[in-house]
Amino acid sequence: MKVLPTKYDPKNIEDRIYKKWLPYLSVEKHKGTKNFIALMAPPNVTGSLHMGHSLQNTLLDVLIRYKRMNDYKIIWIPGLDHAGIATQNVVEKELKKEGLTRFDLGREKFIKRVWEWKEKYGNIILEQFKKLGISPDWSRTRFTMDKEYVKWVERAFIEYYKKGWVYRDYRAINFCPRCKTSLSDLEIEYIEKEGKIYYIKYPIKDSDEYLTVATTRPETMLGDVALAVNPNDQRYTKYIGRIAILPILNRELLIITDIKVDPKFGTGVVKVTPAHSIVDYEIGVRHNLEMIKVIDEDAKIVNVPEFENMDYLTAREKILSILKQKGLLEKEEDIKHNVPICYRCQTELQVIPSKEWFLKMTELAKIAKDAVKTRKVYIIPNRFKKIYFDWLKNIRDWCISRKIWWGQVLPVWYCKNCEDSYVVSTKKPNKRCKYCKKNQWYRTEEVFDTWFSSALWPFAILYTKKEKDWYPADIVFSARDIINLWIARMIYSGIFFMKKPPFKFVYIHPTVLTKEGKRMSKSLGTGIDPLDLIEKYGADALRFGLIWQTTNLQDLRFDETNVENGMKFANKIYNAIRFYLIRYPEMKKREGFSSEDKKIIRAFNSTLKYVSKNIENFQFSNALKRLYKFFWNHFCDVYIESCKGDTKNNPEVLRMIVINSLKLLHPFMPFITEYLWEEIGNRNLLLHEKWPQQI
RNA sequence: GGGCGGGUAGCUCAGUGGUAGAGCGUCUCGCUUACAACGAGAAGGUCAGAGGUUCGAUUCCUCUCCCGCCCACCA
């Protein structure tokens, strides 16, 4: 008999076991009688494994392995997201080291460069997923820029266009001056900053009176076209309909009313700048006001001669000094306010008018709301529904075009001669432009919002030529910060194109924070690298630690002690099996059961029931804790102890408990259980074993 | 400004209308032939604060205070 060392060392074992599984992970290799279909959130190609990925995929893998052992054929397709802006930024940073910008390379060469980068680094994260021990079908790995996938993206756009829900418009949008692209409402973050609010006097025409406007962005006054007050604000009733004079430029501004004006903020008088504020744009639409663009894509002033090409902050200073000179700056106050920044590069955003493509949200939002309301889709825990509904309730149309280079190109062709003439098509149109009558078209360079393609993920990967019956999935696991960015959009896209919601259950797992409750972040130095933990304690231990700590709360304060504990537990399992290997052959065969036998069988049965129920209900931590207690306390501390010396225990009970414990533990700690499964003499894979029945 | 989650042992967290639980940590004792990454045992909490409902509240209700998150964006 081979004698195992007394300490379990996961190092070499885990890689070897994973290689052993690898050929058996594809859908075809397991003959389950029912399908269980899960969606992996495709990680960004820029990413490397972080604790959030680890938690999400570990939990899903627990469920997957459990289902696989319960006679389900598992369809779990891994993939990568091209992550438009994020990836483009990473490659731009690479270029910067060479002293280059993407504009030096030009579009074509730059995109080639991103592909090279993707080929080289894109798969790293998937390799890291393997270290974690998750078990998707790697033979079907997908990428959101695969040819097939791009076809889906184009088709979706065209379908929406035919429906009349996709349109092009010139309007005020959020723009990142560094990434040089438009952004959707969900791609904006806010940081609180110390700033100043300036009170500026706007003289009333043909009088000595004036109205004072409070603003944090005086430079945008160059684009003012009106002043607005709340219709119910008694203080200003007498000014409504009169004309104010815009200082410096002396433009005449009509004084109007709008319900969006908050009488309690500032002076209750608002300068209306439809070109450079989303709210003002909407006021502008209601009152049919002109948009005067005075800030451009570089955050510089345009269309105003004396400020031409001046940075917006320099222009602000100049404007303030002129106002001071003229006695029109009433006062300035310190203020803490939220400044919008780009979610990918943290640059302060500008609102500028731009021609962009929009997806009308009215109907789609309704579709998404109904799906959850009528329980076609369940969001778990239930309270996260609110985030979903609140967003859908106040939704604006979705700006889906981006002015970056990395992404799927819109299937849109513009006329070379006429600015607003276009054709929506995947192929170059062969027809005359209705304005210039010429047949000269060029493909746009605009690409899709990366989330537009993510929204199609479920059917783009599940509904293929070969496998038409895989859509919809049963479940998706998600972080709570992308409930709207991703989950909501998948739901309405899926229903719109496939007539069925893309999944039945959305399980929202907690966000992994540091033990101190801080966000894990590389730049703050608060991140913990899961690969370090795997190196130190083993993947099973990391999985154990993560599952152990998972609750239904919003956050999880990660405590490494639990991973260490996982390592100890792995060692405990290992040594219990050693005991079995050494003692079982020596034990006397006997009929019937001792009282200890009966006790452990009862404990096992109730554990089995509890663990199964809790996995099904997404209570992974409860399941693991119960299993831990069963194995360590009931089995090791009591039952195994009772097997020593002159025991009356039936060795077959010991054997049964060993075998079935490995099975129950397998979804949680797959490596060590598979390894020990082989050590106790099995030739087949534990991966494909059946989940135990009551003994 | 609106909403959500949390405040229980030193730490991370369970939990219940009826004299508080786990893991880790701490302390004591044991290197007992699977495991010292172990075993046996112990200490440790006015369950954030105030009020209410109740025979009885950590658990239900109201308010307050702290911590975290989300949404709106302040012109």
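Excluded from the calculations below are hydrogen atoms, water molecules and symmetry mates; all remaining heavy atoms, backbone and side chain alike, are included.
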Find the distance A:Phe389:CZ to B:C70:P and express it as a whole number of Å. 21 Å
Base paired to B:G23 (Watson-Crick or G-U; both N/O distances under 3.5 angstrom): B:C11
Check every strand shown and say whether A:Arg396 touches a base, only sugar-phosphate, or nothing at a heavy-atom separation below 4.0 Å. sugar-phosphate
Flag this pair as yes if the NZ/CZ of A:Arg171 is under 6.0 angstrom from the six-membered ring centre of A:Phe358 and inside a 45 degree cone about the axis; otherwise no. yes
What is the nucleic acid contact for A:Gln549, judged by heavy atoms within less than 4.0 Å: base, sugar-phosphate only, or nothing? sugar-phosphate
Looking at the side chain of A:Lys515, which of B:C11, B:C4, B:A34 is the nearest nucleotide? B:C11
Counting only Watson-Crick or G-U wobble pairs whose two distances fall under 3.5 Å, which nucleotide matches B:C69? B:G3
Identify whether any heavy atom of A:Tyr190 sits under 4.0 Å from a base atom; if not, whether one sits that close to sugar-phosphate; answer base, sugar-phosphate or nothing. base
Just checking A:Lys629: base, sugar-phosphate only, or nothing, at a heavy-atom cut-off of under 4.0 Å? nothing
To the nearest Å, give me how far apart CG (A:Asp559) and C1' (B:C11) are. 7 Å
side-chain contact (heavy atoms from CB on, under 4.5 Å) partner of A:Val658, chosen from A:Leu676, A:Ile573, A:Ile640, A:Ile680: A:Ile680
For RNA chain B, which residues of residues 640-657 of chain A approach it to below 4.0 angstrom with any heavy atom? A:Ile640, A:Glu641, A:Lys644
What is the distance from CG of A:Asn633 to C1' of B:G21, rounded to the nearest Å? 14 Å
Need one value for A:Thr216: base, sugar-phosphate or nothing, where a base atom within 4.0 Å counts as base even if backbone is also close, heavy atoms only. sugar-phosphate
Basic-acidic side-chain contact under 4.0 Å: A:Asp224, A:Arg251: no
Please tell me whether A:Ser661 and A:Lys663 have a donor and an acceptor in their side chains that are separated by less than 3.5 angstrom. no
For salt bridge (charged side-chain N to carboxylate O under 4.0 Å, His left out), just list the numbers for A:Arg235 and A:Asp233, CA-CA rounded to whole Å, side-chain angles, deciding distance to a tenth of an Å, and then say yes or no. CA-CA 6 Å; A:Arg235 294 173 294 175; A:Asp233 194 339; 2.8 Å; yes
Pairing partner of B:G30, by Watson-Crick or G-U wobble and under 3.5 Å for both distances, is B:C38
Is the cationic atom of A:Arg489 (NZ for Lys, CZ for Arg) positioned less than 6.0 Å from the six-membered ring centroid of A:Trp398 and within 45 degrees of its normal? yes
Looking at B:C24, does its base get a donor-acceptor pair with the side chain of A:Asn565 below 3.5 Å? no
Whether A:Phe630 and A:His634 hold their rings parallel, tilted or perpendicular, with breakpoints at 30° and 60°: tilted
Using both distances under 3.5 Å as the test, list the Watson-Crick or G-U wobble partner of B:C60, or none. B:G52
Tell me what A:Lys572 touches on the nucleic acid: a base, only sugar-phosphate, or nothing, going by heavy atoms under 4.0 Å. base
With the side chain defined as heavy atoms from C-beta on, A:Ile582 is closest, among B:C24, B:A34, B:A75, to B:A34
Describe the nucleic acid contact of A:Trp548 in one word from base, sugar-phosphate, nothing, applying a heavy-atom distance below 4.0 Å. sugar-phosphate
